[in-house]
**Student:** 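Pasting in a structure now, in structure tokens, and then I'll have a few things to ask.
Below, chains carry the letters A, B, ... as their sequence lines are ordered, and counting in each starts from 1.
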2 protein chains.
Amino acid sequence: MFSLDYRDSKPIYEQIKDRFRTLIISGVIEEGERMPSVRSLASSLSVNPNTIQRAYRELEQEGYLLSIPGKGSIATHSKEADQHRKEELFREIRKNIRELRNLSVTEDELLQLLKEDETVHD
Amino acid sequence: MFSLDYRDSKPIYEQIKDRFRTLIISGVIEEGERMPSVRSLASSLSVNPNTIQRAYRELEQEGYLLSIPGKGSIATHSKEADQHRKEELFREIRKNIRELRNLSVTEDELLQLLKEDETVHD
DNA sequence: ATACTGTACTAAGAAAACTAGTACAGTTTC
DNA sequence: GAAACTGTACTAGTTTTCTTAGTACAGTAT
């Protein structure tokens with residue numbers, strides 16, 4: 001499925017959350033699509049099932065998947081979750097831009113940033 | 001000087017680094033200005049001196065201060081450090097924008113984000 | 001001299017992340 | 001119905017990171 005970066009200071013369960021959130025939001029994993037089972041993903045990532053469970057639990061809280069005991073976990077894609085995530089990303093960007101403004105960054109450089117991958121949607 | 005957020009999952013030494021980096025970059029702490037001593041800051045934040053030492057050591061590695069044994073620590077503001085930090089922030093923003101593009105964010109919303117506090121420089 | 005400075009070091013505590021193993025109830029497959 | 005799945009809950013223990021505590025030393029300022 002994908003690999004982990006053990007040099008990353010970010011916890012494994014966070015890396016897993018980030019990966020799946022991205023995959024679901026981008027549509028690579030479609031709404032209603034089956035997620036790998038807790039045990040199989042744990043096995044293929046050589047990680048403890050509890051760690052996967054934590055990632056899935058938190059993704060479910062965020063609204064990006066639905067776990068049904070006995071059946072499995074499926075990806076969901078609610079407007080609420082998207083809106084929430086959107087605001088989160090906006091906050092981060094605002095904070096970064098605020099710092100950048102003190103680093104003699106021109107308006108053009110910032111605009112450039114927006115246009116860089118304007119057409120890349122995969 | 002400032003206060004810490006103990007609910008924040010971010011380590012104390014990271015919070016301290018972030019605060020001072022911002023203060024130095026924004027010019028609130030000027031180039032060459034004296035930083036609080038390791039012990040006095042530790043005392044006023046009710047934190048162990050080792051924690052401050054770690055924050056200062058890493059800020060020095062980033063190029064935002066200079067520590068001289070016996071004398072103290074002073075803020076520095078090198079072009080290299082700024083450039084490095086700038087690129088770091090750019091990477092983060094790019095990553096966030098890439099995710100936002102999958103969240104049905106309009107070009108206008110992104111432009112709005114850039115212009116929001118265009119005149120706020122404090 | 002005294003009181004500062006940064007730095008280095010060891011030891012221990014506390015918290016977070018991760019692993020290991022077991023168990024249970026529900027679902028799917030045959 | 002049996003076997004093999006599924007998610008979930010739980011306890012226990014390990015590992016890693018963060019933080020504290022305390023001591024020591026050399027250089028600087030007053």
**Student:** Taking any heavy-atom pair under 4.0 Å as a contact, classify A:R39: base, sugar-phosphate, or nothing.
**Tutor:**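 Base, at least one base heavy atom under 4.0 Å.
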**Student:** Are A:K71 and C:dT28 close enough that a side-chain N or O sits under 4.0 Å from OP1 or OP2?
**Tutor:**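 The answer is yes; a side-chain N or O of A:K71 sits under 4.0 Å from OP1 or OP2.
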**Student:** Does one side chain, of A:Y64 or A:R21, offer a donor that lies under 3.5 Å from an acceptor on the other?
**Tutor:**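 No, no side-chain donor-acceptor pair sits under 3.5 Å.
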**Student:** Could you tell me how far apart A:Q53 (CD) and C:dA17 (P) are, to the nearest whole angstrom?
**Tutor:**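 It is 16 Å, rounded to the nearest whole Å.
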**Student:** Indicate whether OP1 or OP2 belonging to C:dT19 is found under 4.0 Å from a side-chain N or O atom of A:T51.
**Tutor:**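 For C:dT19, OP1 or OP2 has a side-chain N or O of A:T51 closer than 4.0 Å.
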**Student:** Between B:V38 and A:G70, who's closer to the 5' end of DNA chain C by nearest nucleotide?
**Tutor:**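 The 5'-side residue here is B:V38.
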**Student:** Taking all heavy atoms of B:L114 and all of A:E107, pick out the closest pair and write down the distance.
**Tutor:**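 Heavy atoms of B:L114 and A:E107 come nearest at O-OE2, 3.9 Å.
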**Student:** Could you tell me the separation between the CG atom of A:L66 and the P atom of C:dG26, rounded to a whole number of Å?
**Tutor:**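 Going from CG in A:L66 over to P in C:dG26 covers 17 Å.
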**Student:** Distance check needed: C:dA16 P versus B:K10 NZ, whole Å only.
**Tutor:**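 Taking atom P of C:dA16 as the reference, NZ of B:K10 is at 16 Å.
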**Student:** Consider side-chain contact (heavy atoms from CB on, under 4.5 Å). Of A:L59, A:I74, A:I29, which one does A:L65 pass it with?
**Tutor:**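 That would be A:L59.
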**Student:** What are the 5'-most and 3'-most nucleotides of DNA chain D lying under 4.0 Å from any heavy atom of chain B?
**Tutor:**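 Range of nucleotides within reach of chain B: D:dC18 to D:dA29.
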**Student:** With rounding to the nearest 0.5 angstrom, report the CD to NZ distance, A:E109 to B:K86.
**Tutor:**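 Reported value, rounded in 0.5 Å steps: 4.0 Å.
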**Student:** Return the value, rounded to whole Å, for the distance between atom CD of A:E14 and atom C1' of C:dA17.
**Tutor:**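 Rounded to whole Å, this separation is 11 Å.
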**Student:** Would you say CD of A:E88 has more than 12 non-hydrogen atoms from neighbouring residues, nucleotides or ligands within 6.0 angstrom?
**Tutor:**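 More than 12 within 6.0 Å, yes.
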**Student:** Under 3.5 Å, is there a donor-acceptor pair between the A:S37 and A:S40 side chains?
**Tutor:**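 Note: A:S37 and A:S40 side chains meet the donor-acceptor criterion.
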**Student:** Separation of B:N50 atom CG from C:dA11 atom P, in whole Å?
**Tutor:**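 Spelled out: CG on B:N50 to P on C:dA11 is 15 Å.
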**Student:** Select base, sugar-phosphate, or nothing to describe what A:S73 touches, counting heavy atoms under 4.0 Å on all strands.
**Tutor:**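 Sugar-phosphate, no base atom in range.
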